[in-house]
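Just so we're on the same page: letters track the sequence lines, and every chain starts at 1. Because the structure is predicted, anything quoted here is derived from the model rather than measured.
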Number of protein chains: 2
Amino acid sequence: MNTRTAAKPRSKPKTKRRTAPKEVRRLQLIEATIACIAERGISGTTMAAVTGRAGLSMGIVSLHFDSKDNLLNATLTHLSQEVRRTWVNVVQDDTMKPAQKLWAVAMSSFDPRIFNPTTIAVWFAYFGEARYRAFYRRIVESFDDERSDVFEELCEHLVPEGTDTLALTNSIETFGDGLWLNAILYPEEFTREYCMIQMATYLAAMFPDHFGDNRAKTVI
Amino acid sequence: MNTRTAAKPRSKPKTKRRTAPKEVRRLQLIEATIACIAERGISGTTMAAVTGRAGLSMGIVSLHFDSKDNLLNATLTHLSQEVRRTWVNVVQDDTMKPAQKLWAVAMSSFDPRIFNPTTIAVWFAYFGEARYRAFYRRIVESFDDERSDVFEELCEHLVPEGTDTLALTNSIETFGDGLWLNAILYPEEFTREYCMIQMATYLAAMFPDHFGDNRAKTVI
DNA sequence: GCAATCACTGAATGACTGTTCACTCATTAC
DNA sequence: GTAATGAGTGAACAGTCATTCAGTGATTGC
């Protein structure tokens with residue numbers, strides 16, 4: 001439906017190309033699913049709503065994903081990968097010192113591509129329903145563990161020997177989770193900027209030697 | 001179906017009382033709803049499931065709540081009141097100093113009556129779906145505001161003039177929210193005790209003069 | 001040009017769900 | 001005792017939804 005027409009100049013260009021590569025359709029459906037979940041919740045996300053939004057017919061989901069469950073699964077995986085890309089980009093910069101990296105990874109949670117009302121709403125939609133939680137955990141766990149490991153390793157460079165860096169890592173992630181939660185519940189107050197300031201204050205309190213006082217401002 | 005009727009035509013004392021006071025039935029249904037949402041999510045919480053679990057018939061919900069929406073509404077209100085009772089109990093003790101009160105209110109979030117897998121799961125179930133979020137917010141907002149006001153007023157006793165006590169209050173609530181979230185996702189790691197220790201560490205960092213170092217342990 | 005293939009369609013199907021209401025029966029008033 | 005009351009029942013109903021599949025039409029291979 002939407003574009004990507006065959007570039008055959010000699011055949012009639014009036015009809016839109018109806019067939020598209022598999023990956024294009026899959027992404028098209030995943031994006032429609034995201035929009036739909038954000039707007040109507042998972043239980044309100046019917047096949048008719050998703051396919052209608054994508055401008056396709058009902059049968060298309062079976063064709064590309066077999067079932068609704070598979071589509072929901074693929075959507076969550078897609079979201080996870082987007083989050084991963086966001087923080088991985090940041091740690092790959094080898095010119096940064098551990099303190100800068102830790103700061104950057106923590107702040108990457110507020111990158112507009114992943115920190116926006118639509119995306120956050122979808123995360124909590126999956127998270128909220130018990131029947132999807134196992135499903136959610138299975139998909140998210142490896143992504144979460146990977147990030148926690150990076151966090152913990154960075155922490156070890158910044159705190160005295162003997163500090164419980166796992167607890168520290170958990171607390172940073174916990175604070176970030178709480179900010180996401182409030183961002184969706186009170187979007188006027190917990191804007192992106194406000195959340196970043198809150199995180200900055202938190203990091204300053206936890207790593208006074210590195211981000212304490214007015215140091216924070218220079219790193220932002 | 002699974003009646004309590006005992007079916008003996010004219011026998012008297014063995015039949016359970018079939019009628020009960022309105023409040024008993026309402027509570028019975030609300031508790032069945034809580035169990036059901038925790039187990040199956042909101043979309044899996046059908047009238048048949050709720051009434052079946054309560055040991056009553058399908059029509060009973062219409063009788064006491066008119067509709068499913070009203071039942072869901074009443075359930076969330078019930079949960080909010082339980083949370084409110086928990087922290088209000090704590091601040092009413094006038095022998096406590098502000099620092100102790102703030103500590104006690106923050107820790108009241110981990111009272112087993114409100115901090116348990118079932119109850120937390122239900123909170124996030126309501127919270128997770130966009131179509132219920134407005135509904136959730138309407139019910140919860142006044143409860144939340146009331147608690148935040150108390151928190152903020154207590155903060156003002158503990159920090160230097162000019163401190164942004166609203167931001168500080170928000171950050172404490174945010175950290176608590178994050179702990180609840182992790183408690184349901186990683187129940188083995190984020191136990192009640194672990195969450196309380198995390199909160200203690202957080203408060204110690206934010207109020208070093210009052211809960212810093214080993215002070216915290218004495219207040220627990 | 002023609003047949004084969006492939007992407008896609010959408011009405012039909014069957015399973016499930018919230019609500020209704022005619023009915024049952026325990027309790028209460030007299 | 002008898003009648004009136006009203007709590008409680010559950011089959012029936014109307015609506016919704018995911019899935020299916022016979023069919024359409026675009027594209028490709030020859």
Side-chain angles (χ1 to χ4, degrees), chain A residues 1-29 32-33 36-37 40-73 75 131-132, chain B residues 1-29 32-33 36-37 40-75 131:
Chain A
M1 268 308 198
N2 73 346
T3 74
R4 181 149 291 246
T5 50
K8 278 290 167 102
R10 67 175 208 83
S11 68
K12 327 101 177 169
K14 56 190 170 197
T15 49
K16 290 278 173 65
R17 179 188 171 89
R18 202 180 58 152
T19 66
K22 275 194 178 299
E23 276 316 304
V24 171
R25 282 279 178 268
R26 286 176 62 94
L27 190 60
Q28 189 180 358
L29 286 167
T33 305
C36 218
I37 293 178
R40 316 160 56 142
I42 284 185
S43 69
T45 296
T46 64
M47 293 293 93
V50 170
T51 55
R53 186 181 278 265
L56 296 165
S57 71
M58 288 213 53
I60 199 79
V61 171
S62 300
L63 198 63
H64 289 285
F65 292 97
D66 283 342
S67 69
K68 184 185 180 183
D69 264 7
N70 269 6
L71 172 61
L72 256 25
N73 191 317
T75 300
R131 61 197 294 217
Y132 287 105
Chain B
M1 264 306 195
N2 58 351
T3 58
R4 31 201 47 238
T5 58
K8 277 291 184 184
R10 50 194 307 280
S11 67
K12 330 58 203 174
K14 54 177 69 164
T15 51
K16 288 278 173 60
R17 178 189 171 88
R18 199 179 62 151
T19 66
K22 274 192 180 300
E23 278 315 305
V24 171
R25 282 282 179 264
R26 287 176 60 94
L27 191 60
Q28 188 180 358
L29 287 168
T33 305
C36 218
I37 293 177
R40 316 162 56 141
I42 284 184
S43 68
T45 297
T46 63
M47 294 293 92
V50 170
T51 54
R53 186 181 278 266
L56 296 165
S57 71
M58 289 215 50
I60 198 80
V61 171
S62 300
L63 199 65
H64 289 287
F65 292 96
D66 282 342
S67 69
K68 184 185 181 184
D69 264 8
N70 269 6
L71 171 62
L72 255 26
N73 192 317
T75 300
R131 62 196 297 216

Whole-Å gap separating [atom2] ([N]) and [atom1] ([X]):
| X | N | atom1 | atom2 | value |
| --- | --- | --- | --- | --- |
| A:L56 | D:dA18 | CG | P | 16 Å |
| A:L29 | C:dC8 | CG | P | 9 Å |
| B:R131 | D:dT16 | CZ | C1' | 12 Å |
| A:M47 | D:dT16 | CE | P | 17 Å |
| A:N73 | D:dA18 | CG | P | 17 Å |

- Across the strands shown, which category fits A:T45 at heavy-atom distances under 4.0 angstrom: base, sugar-phosphate, nothing? sugar-phosphate
- Item | Identified stems (criterion: three or more consecutive Watson-Crick or G-U pairs, under 3.5 Å), DNA chain D |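 DNA chain D stems, ordered by first number: C:1-30 with D:1-30.
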- Item | Short side-chain N/O contact from A:S57 to OP1 or OP2 of C:dT9, under 4.0 Å | yes
- Task: Considering just the side-chain nitrogens and oxygens of A:R25, establish if one lies under 4.0 Å of OP1 or OP2 belonging to C:dC8.
- Result: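 Yes, because at least one side-chain N or O of A:R25 sits under 4.0 Å from OP1 or OP2 of C:dC8.
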Nearest heavy atoms of [X] and [Y], plus distance in Å:
| X | Y | value |
| --- | --- | --- |
| A:H64 | A:R26 | O-NH1, 3.1 Å |
| A:V61 | A:K68 | CG1-N, 4.5 Å |
| A:G44 | A:A49 | O-CB, 4.5 Å |
| A:A48 | A:M58 | N-CE, 4.0 Å |
| B:L29 | B:V50 | O-CG1, 4.0 Å |

- Roughly how far, to the nearest 0.5 Å, is the OH atom of A:Y132 from the CG atom of A:N73? 10.5 Å
- Message: Assess the residue pair B:L71 and B:T75 against the criterion (side-chain contact (heavy atoms from CB on, under 4.5 Å)); give the C-alpha distance rounded to whole Å, side-chain angles, the decisive distance to 0.1 Å, and a yes or no.
- Response: CA-CA 6 Å; B:L71 171 62; B:T75 300; 4.1 Å; yes
- Compare all side-chain heavy atoms of A:L56 with those of A:Q28 and state whether any distance is below 4.5 angstrom.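 SC-SC contact between A:L56 and A:Q28 confirmed.
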- Query: On DNA chain D, nearest-nucleotide positions of A:T46 versus B:K22: which is more 5'?
  - Reply: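 Result of the comparison: B:K22.
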- Query: Which nucleotide, D:dA7, D:dT19, D:dG10, lies nearest any side-chain atom of B:M58?
  - Reply: D:dG10
- Could you check which residues of residues 59-69 of chain B get a heavy atom under 4.0 Å from DNA chain D? Sort them by number, please.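 Result for residues 59-69 of chain B: B:G59, B:I60, B:L63, B:H64, sorted by number.
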- Message: Is a donor from one side chain sitting under 3.5 angstrom from an acceptor on the other, for A:S43 and B:R131?
- Response: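 Yes - a donor-acceptor pair under 3.5 Å links their side chains.
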